[in-house]
Amino acid sequence: MKTINNLILLAAAAFLVLGACSSRGAVVKSDSEGGHDGLDTAAVVERVQEIYGAVFKVYNEADSLRNLDIDSMMANDVYERRADFEANYCSSEWNKLMKKVNEIDSLYHQNEMGFWDFDYWIMGQDWHNLSVSDVKVVERIGPWATVELKLHNFDNVTPLCLTMKLEDGTWRIDDFVDLETGVGLKEDMKEYIANETAEAKKK
């Protein structure tokens with residue numbers, strides 16, 4: 001029975017990523033129908049706003065110091081704080097994948113770009129006037145929710161989809177999907193790990 005339940009949850013998660021992330025429809029409030037944990041979709045929206053509020057506070061403070069010709073990296077340790085952001089706001093699986101990617105890059109791609117050529121929190125390499133808007137839940141199934149939002153960086157607006165997972169009573173980000181490209185970062189990391197592992201075995 002446990003195996004069947006796990007398969008159902010995995011199927012639901014796949015549906016969320018493949019289906020809801022590509023939708024542009026109205027918000028679907030499925031809590032009243034499913035009743036998994038009694039939380040309505042407003043709690044998911046509030047959590048996403050809380051996460052980005054905390055993360056962007058650090059980035060925007062660093063940007064302000066940079067504009068004053070102060071070394072923002074020394075003052076705010078933005079890059080050092082990313083590990084905290086992942087631990088506090090991302091799912092356990094996301095953190096495991098990140099750890100594996102970092103291990104591969106430290107072993108095989110020292111002094112090279114490695115997997116990450118942009119910062120997924122800001123969906124770019126540099127930042128200014130970061131914010132999010134139009135945060136909405138487009139699907140909710142049990143401990144999974146799909147959220148769409150608009151991420152503002154400089155004068156650019158990136159439509160973004162997040163897969164959220166409820167872990168230990170807290171909503172965490174399980175995947176980031178750029179809606180313009182349809183790229184899901186979790187699948188990219190899994191593919192990268194598989195390819196790099198296969199290449200390492202050949203050596």
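Keep in mind that this is a model prediction, so the values were computed, not measured. Values reported hereafter were calculated over all heavy atoms of this structure, with side chains retained and with hydrogens, waters and symmetry mates removed.
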task = Check the angle between the aromatic planes of Trp121 and Tyr52 and answer parallel, tilted or perpendicular using the 30° and 60° thresholds.
result = perpendicular
query = Looking at residues at least two apart in the chain, or sitting in another chain, which of them share a side-chain contact (heavy atoms from CB on, under 4.5 Å) with Lys96?
reply = none
inquiry  = Salt bridge check, Arg82 against Glu86: does any charged N sit closer than 4.0 Å to a carboxylate O?
reply    = no
request  = Verify the neighbour count for atom NZ of Lys100: are there more than 12 heavy atoms of other residues, nucleotides or ligands below 6.0 Å?
outcome  = no
remark   = The side-chain contact (heavy atoms from CB on, under 4.5 Å) partners of Asn129 (sequence neighbours excluded) come to none
query = Hey, quick one: are Val157 and Phe56 part of the same hydrophobic cluster, counting side-chain heavy atoms closer than 4.5 Å, chains of contacts allowed?
reply = no
request  = Tell me, please, which residues at least two apart from Lys201 pass salt bridge (Lys or Arg N to Asp or Glu O under 4.0 Å).
outcome  = none
note = For Asn102, the side-chain hydrogen bond (donor to acceptor under 3.5 Å, both in side chains) test, sequence neighbours excluded, returns none
request  = Taking side-chain hydrogen bond (donor to acceptor under 3.5 Å, both in side chains) as the test, write out the residues that go with Ser91, two or more places apart.
outcome  = Asp174
message = Aromatic contact between Trp94 and Phe176, with the criterion being ring centroids under 6.0 Å apart: yes or no?
response = yes
note = Quick note, salt bridge (Lys or Arg N to Asp or Glu O under 4.0 Å) partners involving residues 150-170, not counting sequence neighbours, are Asp134-Lys150, Lys165-Glu167
request  = Tell me, please, which residues at least two apart from Asn153 pass side-chain hydrogen bond (donor to acceptor under 3.5 Å, both in side chains).
outcome  = none
task = Not counting sequence neighbours, which residues clear salt bridge (Lys or Arg N to Asp or Glu O under 4.0 Å) with Glu199? List them please.
result = Lys202
note = Taken in chain and number order and not counting sequence neighbours, the residues that satisfy salt bridge (Lys or Arg N to Asp or Glu O under 4.0 Å) with Asp188 are none
message = So, using side-chain contact (heavy atoms from CB on, under 4.5 Å) as the criterion, who are the partners of Val135 when residues are at least two apart?
response = Val45, Val48, Gln49, Val132, Val147, Leu149
Qualifying residues under side-chain hydrogen bond (donor to acceptor under 3.5 Å, both in side chains), relative to Ser106, sequence neighbours excluded = none
Pairing residues for Glu46 by the salt bridge (Lys or Arg N to Asp or Glu O under 4.0 Å) criterion, not counting sequence neighbours = none
